[in-house]
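One structure below.
In this text, all values refer to a predicted model and were calculated from it rather than measured experimentally. Chain A is the first sequence line, chain B the second, and so forth, proteins listed ahead of strands; every chain is numbered from 1.
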There are 2 protein chains.
Amino acid sequence: MDSTLEEVAERAGVSRSTVSRVINAHPSVREATRARVEAAIQESGYRPHAVARSLATNRTHILGMVIPESVSRLFTDPYFPLMLRGATEACNSRGYQLILSLFTASVTPSVMHDRLARSGYLDGVVAANTSLDDGLIPRLLEDGIPFITVGRHPVDSVDYVDVDNVGGARMAIEHLLRLGHRRIGTITGPLSMTPAQDRLDGFRSVMVAHRLPLSERLVAEGDFTEAGGRAAMTRLLEEEPTAVFAASDSMAIGAIKAIRNANLRVPEDISVVGFDDVPSAVSIEPELTTVRQPIERLGQLAVEILISRIEGKGHDAVTTQRIVLPTELVVRKSCAEPPRRGGPRT
Amino acid sequence: MDSTLEEVAERAGVSRSTVSRVINAHPSVREATRARVEAAIQESGYRPHAVARSLATNRTHILGMVIPESVSRLFTDPYFPLMLRGATEACNSRGYQLILSLFTASVTPSVMHDRLARSGYLDGVVAANTSLDDGLIPRLLEDGIPFITVGRHPVDSVDYVDVDNVGGARMAIEHLLRLGHRRIGTITGPLSMTPAQDRLDGFRSVMVAHRLPLSERLVAEGDFTEAGGRAAMTRLLEEEPTAVFAASDSMAIGAIKAIRNANLRVPEDISVVGFDDVPSAVSIEPELTTVRQPIERLGQLAVEILISRIEGKGHDAVTTQRIVLPTELVVRKSCAEPPRRGGPRT
DNA sequence: ACCTCCGTTGGGAGCGCTCCCAAGCGTAGC
DNA sequence: GCTACGCTTGGGAGCGCTCCCAACGGAGGT
């Protein structure tokens with residue numbers, strides 16, 4: 001069971017090196033020898049010892065997925081599970097493993113970082129949705145470990161995969177405009193995170209392009225959670241918007257609750273657009289109009305690019321890789337034309 | 001940056017062994033020497049090479065979390081994220097790392113298994129919610145790798161952590177009985193999974209204890225998903241139950257939709273109880289009465305027990321560890337007294 | 001003054017694998 | 001028939017660390 005290369009070699013009557021060649025599919029092994037070795041491997045149930053191999057090759061085939069503490073709270077949101085699934089899928093098919101590093105309370109970021117990057121266990125790191133201020137990226141850069149971020153990062157040499165947050169937000173707002181809305185509010189994510197910034201930019205750029213009022217009072221910062229969306233919407237309500245763009249579906253769901261709580265209806269009194277298109281977007285009443293982003297694909301691509309960087313395939317190893325995936329507006333039932341002035345809404 | 005023990009030793013004017021002792025907090029190092037070595041470590045930015053250490057100690061401090069393919073579909077359910085978070089938390093505080101192994105389409109279970117257990121990278125495995133028929137447990141047993149399952153497993157020597165599914169189901173049904181329901185249906189999970197079996201057993205035992213009808217037609221098998229719950233409920237509707245116990249919140253939510261789809265109301269026409277108490281249980285209308293299980297705690301305990309087994313602390317190493325956590329009924333708004341016969345329901 | 005013992009320290013021998021270099025051998029070319 | 005070259009194969013030298021055993025020296029006991 002726990003046989004070693006040497007034992008297999010003896011059994012096959014060849015040397016350690018030859019067995020190693022067979023295992024690594026090295027071409028220069030005579031067919032007859034190869035067969036003999038393979039038989040010996042079968043018989044002994046031999047499996048290469050990954051740790052020993054890693055020590056010799058300086059490769060572990062293990063990737064780290066880092067999720068900063070601030071974000072791990074969102075873990076009940078399907079966003080991360082989906083991204084993880086994409087990442088895992090890619091790892092599986094490329095023969096890599098994924099270590100999950102959530103920054104939790106019991107451990108400081110720097111301990112966490114040491115354990116990760118400098119432990120020598122990781123061939124590369126996927127830094128998911130880091131916020132700009134957590135200092136993770138500079139450290140990774142300093143370590144020289146290959147990494148990629150999910151969500152754009154401003155530093156020049158950083159690889160990333162992202163979705164078109166600006167474009168998605170634009171589509172959402174344009175949809176609202178098309179329905180006749182003029183007084184549109186937005187609930188943003190935490191502005192230390194680039195996707196939140198970008199969605200807000202998209203919102204603003206459309207408003208500006210249409211010469212619409214862009215009061216800061218129509219912008220409420222949330223935290224991507226339902227509770228945060230609810231609180232933000234409650235504030236927004238005072239401004240009497242006829243439509244709201246929430247930067248995540250969870251926040252949109254929170255917003256709908258706040259609206260109902262104020263005895264208003266969605267979409268008759270206020271239209272709501274979300275972002276993400278998580279499964280529960282269709283579980284709620286009314287089904288949510290939202291911007292779909294390919295979350296699973298994002299995780300998958302991140303891993304694939306990271307691996308190609310690690311393995312140094314072609315020019316991937318020198319060119320910074322930046323991929324932005326398109327987003328898509330999904331029209332459902334949470335938006336309608338704005339109420340007539342002085343109409344049903346008191 | 002990538003200095004070795006030897007280099008640090010030279011810098012401190014001691015031997016490799018002494019540096020090793022300092023790093024591993026071995027007591028027999030003179031204070032002065034220790035200080036000198038620590039300074040050298042600081043200066044050189046030395047970090048022990050985890051892989052080399054693992055090769056020498058035969059310990060990686062890496063655990064695997066295995067989630068079978070059939071279950072990874074549930075990934076949009078908050079169950080796994082929460083369990084993962086508990087597990088990660090425990091790993092973090094004990095200095096372990098967690099490798100996530102989802103069985104995905106691109107890889108067969110046996111390849112997956114080889115990669116895991118026999119790669120030598122894993123000190124132990126947490127097998128989450130395996131179904132009885134996927135053959136994972138026998139293989140782990142055969143390999144002799146330490147492991148624990150989340151959700152009870154019938155084999156004698158297997159460690160597990162579980163929640164009191166039977167008791168939880170009982171509480172749910174008794175609650176319904178107390179409200180006056182007699183014709184109660186249930187939507188089960190896939191019966192190849194022990195939690196699904198246990199919840200059904202709880203349902204049955206209460207029904208039997210109260211001498212209530214136990215028609216198989218009032219039992220519909222679902223798959224823990226919302227869509228499955230909806231389909232199962234649609235079938236159940238023909239039996240005209242006044243209440244339904246769904247073995248997961250997702251299925252309960254699906255059931256509510258099916259009920260509404262039939263132009264009936266929850267809870268006025270049909271009461272619904274779920275299981276899990278996921279966050280979205282309070283996001284829907286009406287808020288769901290459900291059985292709460294400590295999911296995060298489950299993941300955490302699984303890891304802690306696994307680690308104590310690996311490290312062979314005391315008798316933990318020989319006694320089978322089985323822990324069953326209590327569940328709790330959370331009464332919200334999805335249950336009411338049954339409609340009067342011939343009442344509003346046509 | 002000598003022996004013993006303990007607290008410290010150093011160095012060899014691996015852990016199981018890869019990689020490189022060299023050796024063995026058969027064959028083709030001259 | 002001899003040289004050269006290419007295909008195979010074997011074995012040494014690590015990868016960076018831990019662990020064990022031996023050695024060293026000073027303190028305490030007699």
Could you state the [atom1]-[atom2] distance from [X] to [N], rounded to the nearest angstrom?
X      : N      : atom1 : atom2 : answer
B:E6   : C:dA13 : CD    : C1'   : 14 Å
B:E31  : C:dG7  : CD    : P     : 16 Å
B:H26  : D:dC19 : NE2   : P     : 10 Å
A:Y121 : D:dC15 : OH    : C1'   : 14 Å
A:R21  : C:dC17 : CZ    : P     : 15 Å
B:L55  : D:dC15 : CG    : P     : 13 Å
A:I23  : C:dG16 : CD1   : C1'   : 11 Å
B:R59  : C:dC15 : CZ    : C1'   : 15 Å

Phosphate-side-chain proximity, [X] and [N], N/O vs OP1/OP2 below 4.0 Å:
X     : N      : answer
B:T4  : D:dG16 : no
B:Y46 : D:dC17 : yes
A:S20 : C:dT18 : yes
A:T57 : C:dC19 : no
B:R53 : D:dG16 : no
A:T18 : D:dG10 : yes

Inset, instruction - Would you indicate what B:T33 reaches in the nucleic acid, counting non-hydrogen atoms under 4.0 angstrom: base, sugar-phosphate, or nothing? - result: sugar-phosphate
Inset, instruction - Look at all strands and tell whether A:S17 reaches a base, only sugar-phosphate, or nothing, counting heavy atoms closer than 4.0 Å. - result: base
Inset, instruction - Dump the intermediate steps for side-chain hydrogen bond (donor to acceptor under 3.5 Å, both in side chains) on B:Y121 and A:S54, then the final yes or no. - result: CA-CA 10 Å; B:Y121 257 132; A:S54 293; 2.3 Å; yes
Inset, instruction - Nearest-nucleotide wise, let me know which of B:V29 and A:A52 is further upstream toward the 5' end of DNA chain C. - result: B:V29
Legend entry - C:dG16 base / A:R47 side chain donor-acceptor hit below 3.5 Å: no
Legend entry - Side chain B:R16 and base D:dT18 donor-acceptor under 3.5 Å: yes
Inset, instruction - Start with the C-alpha gap between A:L63 and A:V125, add the side-chain angles, then the distance that decides, and say whether side chain to side chain contact (heavy atoms under 4.5 Å, CB included) holds. - result: CA-CA 6 Å; A:L63 268 25; A:V125 171; over 6 Å; no
Inset, instruction - Give the C-alpha distance, both sets of side-chain angles, the deciding distance and a yes or no for side-chain hydrogen bond (donor to acceptor under 3.5 Å, both in side chains) between B:D123 and B:T60. - result: CA-CA 6 Å; B:D123 281 352; B:T60 58; 3.2 Å; yes
Inset, instruction - For B:E10, look at atom CD and say whether over 12 heavy atoms of other residues, nucleotides or ligands are found less than 6.0 Å away. - result: no
[options]: which one has an atom nearest the side-chain heavy atoms of [X]?
X     : options               : answer
B:L5  : D:dT9, C:dG10, D:dT18 : D:dT18
B:R30 : C:dT8, C:dC15, D:dG10 : C:dT8
B:N24 : C:dT8, C:dC17, D:dT18 : D:dT18

Legend entry - Candidates B:E304, B:E89, B:E311 - the one meeting salt bridge (charged side-chain N to carboxylate O under 4.0 Å, His left out) with B:R94: B:E311
Inset, instruction - Would you check, one step at a time, whether the test ring-ring contact (aromatic ring centres under 6.0 Å, His included) holds for B:Y96 with B:H61? - result: CA-CA 5 Å; B:Y96 277 69; B:H61 285 245; 4.5 Å; yes
